[in-house]
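Step one of this worksheet: look at the structure below.
Just so it is clear: chains get the letters A, B, ... in the order the sequence lines come, proteins before strands, and each one is counted from 1.
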Amino acid sequence: MRAIKAIAWKDFKTIVFSPTFFIIAFLCSAIWGSNFMRAVIQFAYQSSNPMQLGGGNLNLHYNLFVSLVSFVNIIFIFAIPAITMKLISEEKKQKSYDLLLTSPITSTDIAVGKFVAGFGVSLLLIGITLFYPMLLSFFAKFSWTVLLVAYAGLVLVTALYVALGLLASSITQSSVLSVILGIVFNLILWLMAQAAMSAKGSAAVEFFEYISVPNQLYAFLKGTMSVGGLVFFLSVIIFFVFLTQRMIEATRWR
Amino acid sequence: MIKVKNLTKVYGDRKAIDNLSFEIAKGEVVGFLGPNGAGKSTTMKIITGFMAPTSGEAMIGGEDVFENPVAVKKKIGYLPEAPPLYPEMKVKDYLKFVAELKSVPADKIKEYIDYALSATQLNEVAHRRIENLSKGFRQRVGIAQALVSQPEVLILDEPTVGLDPNQVAEIRSLINSLKGKHTIIFSTHILSEVQATCERYIIINEGKIISHKSLVSEAGASQKVIKTLCFNESGMNGLVAKLNSLKFVNSVKVNGKELIISFEGESSHIAELSKVIATSEAGLVSFSIEQDSLEDVFIKLTSKKESKDGGNQ
């Protein structure tokens, strides 16, 4: 436990105080900011146009926040691997990995500690996006509870990207390769949803729909939190952290 | 304290270390010597649990390194070939991180860090980032991290590389001060260091131990060689016969007027030999004690094509 805390805190500080993080946070903020502006203007335009509404008001959450949070998720597919890229690959390159492997700590301590560090940094980034609903709350009424459920989904899928990014980092010594691999893993996860469309048989379709990350995320974004969804995300996150632990352990036995 | 039995490490078809066995008692300081690529670092990596052997076992304090890794690693302070540093961290923060990893009790962390900093003279740079330090200082930070948990066993891979002569002398006196309380094994190419600090040395070449010797001369047991030049050859045979009759003389080689006498070296024996030669018909011109320096031993043993079998000499 102590080792996990020490590793998590050390890696968290290292990432947050690095120029790479400032650049990523800046780029993300810039992209989200411009997207937010465009989306709000479009929503306002649509709301003011009675022809498009066909009677009744547009729901702020469904028509604005879902697309905003989805957009954050898409940016994270690329940004999270850039944050997690140095977690393990840099250790190997600067030879500090020897310190971790010869200390009285387990490979699990290392994997979990680094996952917590990456997750903590990604929470900081998610925190930046909370600015937009907070700003809107001055001008419009919406349900914070539903929004928080959507954010819970975002947090879970981000944790999944962190776990995948960490796994990618443990595979290679090169940070560049680590980023590329991380993005590829994230994209594979997203494209697996396509398999649902080509699956035959109702059981196969149900299975592929269950393991489809976009489907599971969308359920949260809509505001529905299900045990099945939580279990799915937690299992997959734990699975990839476990794979990282195996990669770390394998280094000892080469 | 450290026991290595039949350790073998194979990379593909290359044997990095081949059936290595040795024991180091508690409180001993042992020098680990060998040419580049001999297997020193590999052996140290296996003892510290960084890498697993292909076969054989390594035990520290009676516990197997791979059966109880966490318990064993608590007892070890290890400095690898390249110090495992985090460039972006400050020296003191880094040592605190290492202390946490090594489960130093929270109330003792400050005390242990202060000890490590003063033992390696790092107090003036304690608040500087490691990337801003010179190589010598970084090496000292590496040594400090090995010391910070005050481990029972210190395993140092080339601890004085990159240090200036003053710093080398300080590390030497540090190792001397740790003798007895800590078990130390360190590898180096600087043979004078081994002679200055170690009680024993192990020479390894091509993955095998080729020499395993004590540097502390037991009373009257070390063999010495004397080279002497005589005045004339006529009395040589008589002199050689008389020398061979002495109990402590092992062998006498004749080369014209020169004699090379190998004997059990005590100061009284040396006096007797010089008396015998001087009072003989052959006469005495010059008399000098030849002692193989460690460097000579090292070069002699490691430059041979075929390596000797391991064993005590």
Side-chain angles (χ1 to χ4, degrees), chain A residues 1-23 83 85-114 116-117 121 169 173 175 245-254, chain B residues 9-12 41 44-54 65-66 68-90 93-106 109 129-131 138 141-142 145-146 148-149 151 153 155 157:
Chain A
M1 200 53 212
R2 199 172 163 202
I4 293 174
K5 251 175 55 185
I7 293 171
W9 181 234
K10 181 212 136 264
D11 278 340
F12 177 80
K13 274 200 301 192
T14 304
I15 297 174
V16 165
F17 290 118
S18 72
T20 316
F21 176 71
F22 295 153
I23 292 169
I83 286 168
M85 67 178 172
K86 289 196 173 165
L87 278 175
I88 295 183
S89 57
E90 192 74 1
E91 299 257 10
K92 288 186 190 175
K93 203 157 80 168
Q94 66 192 18
K95 308 280 184 198
S96 53
Y97 206 33
D98 302 18
L99 173 63
L100 294 178
L101 293 180
T102 54
S103 292
I105 59 178
T106 59
S107 304
T108 310
D109 290 334
I110 301 171
V112 173
K114 287 183 178 287
V116 170
V121 176
S169 186
Q173 268 198 25
S175 303
Q245 188 264 8
R246 291 282 91 201
M247 283 298 304
I248 296 170
E249 190 68 17
T251 317
R252 301 184 200 263
W253 296 94
R254 230 157 254 158
Chain B
K9 179 74 183 178
V10 178
Y11 291 112
S41 294
M44 290 184 156
K45 283 181 183 169
I46 294 175
I47 297 175
T48 52
F50 173 62
M51 131 188 352
T54 308
V65 174
F66 286 92
N68 303 309
V70 173
V72 167
K73 284 168 190 176
K74 280 201 178 126
K75 300 183 191 172
I76 300 175
Y78 174 48
L79 171 64
E81 258 180 295
L85 307 173
Y86 292 100
E88 71 281 349
M89 287 182 96
K90 295 192 182 145
D93 295 336
Y94 170 69
L95 291 178
K96 180 152 185 274
F97 174 63
V98 177
E100 299 259 352
L101 285 184
K102 304 234 165 156
S103 313
V104 172
I109 285 188
R129 283 160 68 109
I130 292 174
E131 63 190 345
R138 284 191 214 189
V141 176
Q145 67 78 28
V148 79
S149 59
V153 176
I155 298 172
D157 201 339

Report all side-chain donor-acceptor pairs from residues 5-12 of chain A shorter than 3.5 Å, counting only partners two or more places apart or in another chain.
residue, atom, partner, partner atom, Å
A/Asp11, OD2, A/Lys114, NZ, 2.7

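- B/Pro80 and A/Asp98 get closest at one heavy-atom pair: CB-OD2, 3.7 Å.
- Below 4.5 Å, heavy atoms of chain B meet heavy atoms from A/Glu91, A/Gln94, A/Lys95, A/Ser96, all part of residues 85-97 of chain A.
- You'll find the side chain of B/Ile76 stays beyond 4.5 Å of the side chain of A/Thr102, heavy atoms only.
- Heavy atoms closer than 4.5 Å to chain A are found in the side chain of B/Lys9, but not in its backbone.
- At a 4.5 Å heavy-atom cutoff, the contact between B/Tyr86 and chain A is made by backbone and side-chain atoms alike.
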Let's go through B/Phe50 and A/Thr251 carefully: what are the C-alpha distance in whole Å and the side-chain angles of both, what is the deciding distance for side-chain contact (heavy atoms from CB on, under 4.5 Å) to 0.1 Å, and is it a yes or a no? CA-CA 9 Å; B/Phe50 173 62; A/Thr251 317; 5.6 Å; no

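- In the displayed structure, B/Lys75 atom NZ is contacted under 6.0 Å by more than 12 heavy atoms of other residues, nucleotides or ligands.
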Scan the side chains in residues 98-106 of chain B for donor-acceptor partners under 3.5 Å anywhere in the protein, sequence neighbours excluded, and list what turns up.
residue, atom, partner, partner atom, Å
B/Glu100, OE1, A/Arg2, NE, 3.4

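- With hydrogens and angles ignored, the 3.5 Å screen pairs a side-chain donor or acceptor of B/Lys73 with a backbone N or O of A/Leu101.
- Residues satisfying the salt bridge (charged side-chain N to carboxylate O under 4.0 Å, His left out) criterion with B/Glu88, sequence neighbours excluded, are absent altogether.
- Neither the backbone nor the side chain of B/Glu81 has a heavy atom closer than 4.5 Å to any heavy atom of chain A.
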